[in-house]
Amino acid sequence: MERAAEAITATKDRDAIVRMTKYFIALRDARETYRSSDRLNVDEEFLSVTAEPDDTAADLAAKLDLLNNRLGRVNALIKTIDGQIGALKQDLDLSNQMRNLVNEYNLFEDGVVFTPGPRSVDSDRENDAGGPSAGEGGAEPLPTEDIDRAGVHISPIEGLGADRGAESMTFSIEEEIERLKNLRTYMEQVRRKLADQIDKIRRAIRAKGGVPTGSLAPAPERRMEGRT
Amino acid sequence: MKRPPLVFALLAGLLLCGAPPAAGQSPKRFQSLATVLAEYDDNVYKTVSDEESDFLARLYFDARLAYAVTPRNRLDAAYTLGAKKFAEKTDEDTLINQLALRYSNTGITNTYLGGETTLKFRNIRDEEEDYNKLIARAFAGRYFAKGVSGEIFGAYTRFDFRTYDFYDYWTQSFGAEVKKAFSHAASMGFHYIFEDKHFPFRAYENLPTAEGEVFLRETSELRNDTAHEVGFFVAASSFVLVNFGYDLLMNDSNSYGDVYYNHRFRLAVSKAITDRLNAHLFAIANFRDSFQKVLIPHSFSVEEDDENFNQLVAKTAYRITGRFWLEARYSRFWSQYSVRDFNYTKNTYALGLSTSF
């Protein structure tokens with residue numbers, strides 16, 4: 001990707017610049033994917049770089065460079081996770097606000113009307129019809145005022161169920177935040193282990209009279225400061 | 001009229017303060033929310049004409065405690081208080097207390113089961129629309145692979161309307177729900193609920209006259225409805241949080257005039273406009289389609305008792321500081337029945353503060 005960037009700045013051909021810029025964007029997207037939690041392969045090999053007794057100064061320098069690179073990737077991943085957690089918490093805030101709003105309107109039921117007044121035949125119509133007699137499978141026809149509109153209490157919001165959609169959404173976000181927090185905890189452990197290995201290799205380089213390089217790897221204690 | 005807020009406040013206090021101390025990690029999580037609004041209501045009594053408006057203060061308080069009794073047993077308790085105090089129409093002053101308890105166990109891998117109960121008491125100063133509601137529910141669910149989860153449940157509901165028996169009922173219901181989370185940003189679900197609903201008064205039957213007129217007669221049976229509800233929802237988070245749901249309620253009854261379908265559409269949209277400013281829109285539309293013609297009171301007309309009930313709530317919340325938000329709200333409720341007498345439109349405008357801690 002860096003070479004593509006250099007090539008873009010070097011060329012003066014407009015078409016070539018456009019073509020290479022597209023290539024650069026594709027590379028950048030691929031790298032972002034590579035940097036995501038799913039693609040960073042933290043396996044046994046990733047953490048197995050240690051100083052061996054027969055390592056030369058050059059070997060140690062190469063190992064230090066490799067570890068610094070890996071530590072940088074882990075740091076970038078942790079930063080990405082922090083950003084994702086922040087964005088999800090904002091979504092969770094929004095979702096909770098909506099859930100509270102729905103709960104509040106469910107509680108007050110401001111729009112529900114318990115309809116007053118009867119809903120049936122009027123007395124004239126009843127008399128006209130003659131009215132069924134008692135004993136024909138039921139009681140006497142009711143006078144108008146005794147028959148009300150009954151059982152219409154269906155909360156317009158609740159229905160038979162609750163606000164299941166909002167609940168579900170909140171649950172998914174909380175789950176994702178929890179997953180990312182667990183991932184972050186794991187990556188913190190990886191970072192500590194890498195920093196420890198870097199420290200050992202630095203000491204090994206000093207023991208051989210060399211000067212450790214690689215400003216990417218600050219002391220682990222300092223690196224942990226300010227992390228939440 | 002007895003008002004039970006003190007009992008609930010004490011009970012909630014005991015729940016919040018009386019939990020045993022944590023060992024090691026804190027097993028308790030407490031969240032609460034309070035909202036105070038100054039509001040203008042342009043149709044307090046929800047009338048079709050001669051609307052009466054008024055100013056009011058609205059209070060909403062919600063406190064929730066999640067307590068891990070053991071690592072695999074959890075108790076959730078929630079106390080909710082709602083109150084409305086009108087400037088002039090004081091007969092509409094409202095006080096609502098609600099307590100919810102839920103106990104769940106996750107002793108079996110990927111499985112949860114438990115029970116919950118909700119008690120709601122609504123008191124209005126004129127006592128015309130007071131009611132108590134009890135919901136008891138047992139549930140069991142399981143998480144499957146690939147973000148799929150399922151739940152079955154059974155519930156008992158009792159609704160007691162204070163002034164008339166005609167609104168009272170008790171129900172037993174059973175249902176199942178399946179959800180699929182594609183990612184944290186997209187999910188959907190389907191549900192089915194069967195409900196057996198009993199009323200403490202007799203059913204009516206229609207004895208049609210030769211002219212085809214409706215003539216109702218009380219039968220010897222108590223009214224009994226059976227309802228089937230199917231529905232789905234989809235939720236997604238991309239640029240905005242969107243949640244859309246549709247429920248179809250198919251109600252059958254042994255009482256004439258109460259057989260209907262109800263279509264309910266729900267839409268919730270939320271958007272963080274800036275770090276401090278959020279906007280929410282919440283809309284409900286109900287379409288009730290009755291299959292039996294009844295005589296509408298005072299109208300002397302025989303019609304299907306259809307209804308279109310809608311609700312729209314728009315809210316913006318501005319974070320003043322850490323936990324304090326300034327809220328502005330607009331709500332609109334409107335219904336269109338087959339008979340104009342029952343129609344109404346109600347608008348409310350509110351401004352206030354909310355805080356959570």
Side-chain angles (χ1 to χ4, degrees), chain A residues 88 90-91 93-98 100-105 107-111 113-115 117-122 125-126 128-129 131-132 136-142 144 146-154 156-157 159-161 163-166 168-169 171-173 175-177 179, chain B residues 33 46 60 62 80 82 96 98 129 159 164 166-167 169 173 177 179 181 184 187 189 191 193 195 199 201 205 207 209 213 215-220 223 227 229 233 235 237 241 243 245 247 249 258 264 266 268 270 272 278 280 282 284 286 294-298 309 311 313 315 317 333 342:
Chain A
L88 284 171
Q90 194 175 42
D91 279 357
D93 275 350
L94 271 179
S95 205
N96 283 336
Q97 282 184 9
M98 177 56 80
N100 288 329
L101 190 68
V102 172
N103 285 342
E104 185 180 330
Y105 278 84
L107 186 79
F108 282 104
E109 293 183 303
D110 282 323
V113 177
F114 290 92
T115 311
R119 183 201 68 183
S120 184
V121 292
D122 61 278
R125 198 178 294 263
E126 200 171 295
D128 290 345
E136 288 181 357
E140 290 286 350
L142 292 181
T144 306
D146 285 348
I147 303 177
D148 262 57
R149 179 190 174 83
V152 294
H153 178 78
I154 300 169
I157 298 174
L160 297 184
D163 51 322
R164 55 176 60 80
S168 171
M169 192 68 193
F171 181 70
S172 299
I173 296 172
E175 256 192 342
E176 182 64 7
I177 291 174
R179 189 187 75 79
Chain B
L33 167 81
K46 291 169 271 196
Y60 177 75
D62 184 80
T80 311
I96 303 168
Q98 180 173 284
E129 292 189 344
F159 184 80
Y164 308 110
F166 300 107
Y167 294 107
Y169 62 77
S173 56
E177 183 172 31
K179 293 178 193 169
H184 67 278
S187 59
H191 74 271
I193 301 172
E195 187 181 61
F199 299 84
F201 50 85
E205 64 178 338
L207 299 175
T209 63
E213 292 175 328
F215 185 83
L216 294 187
R217 181 182 66 168
E218 193 182 58
T219 69
S220 59
R223 180 181 162 189
E229 184 183 284
F233 76 86
S237 168
L241 279 176
N243 199 312
D247 303 321
L249 176 69
D258 291 299
R264 184 171 62 250
R266 293 173 285 122
S270 298
N278 293 341
H280 303 277
F282 175 53
I284 301 268
N286 281 278
V294 294
L295 187 70
I296 305 296
H298 317 302
F309 176 84
Q311 176 175 332
V313 179
K315 167 182 154 178
F333 306 87
F342 296 153

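Chain letters run A, B, ... following the sequence lines, proteins first, then strands; residues in each count from 1.
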Asks: Atom CG of B/N278 and atom CG of A/D93: how far apart are they, to the nearest 0.5 Å?
Replies: 7.5 Å
Asks: Once rounded to the nearest 0.5 Å, what's the spacing between atom NZ of B/K315 and atom CD of A/E104?
Replies: 7.5 Å
Asks: Measuring from atom CD of A/E109 to atom CD1 of B/I96, what distance do you get when rounded to the nearest 0.5 angstrom?
Replies: 7.5 Å
Asks: Which of the residues A/D91, A/L88, A/L101 is involved in the greatest number of heavy-atom pairs with chain B at under 4.5 angstrom?
Replies: A/L101
Asks: Looking at B/K46 and A/D110, would you say the former's side chain and the latter's main chain have a donor-acceptor pair under 3.5 Å?
Replies: yes
Asks: At a heavy-atom distance under 4.5 Å, which candidate from B/G245, B/A317, B/G189, B/G82 has the highest pair count against chain A?
Replies: B/G82
Asks: Any idea which heavy atoms bring B/L241 and A/S95 closest together, and the distance?
Replies: CD1-N, 3.7 Å
Asks: Drop me the distance from B/Y60's OH to A/N100's CG, to the nearest 0.5 angstrom.
Replies: 5.5 Å
Asks: Would you mind checking which part of A/Q90 comes under 4.5 Å of any heavy atom in chain B, side chain (CB onward), backbone (N, CA, C, O), both or neither?
Replies: side chain
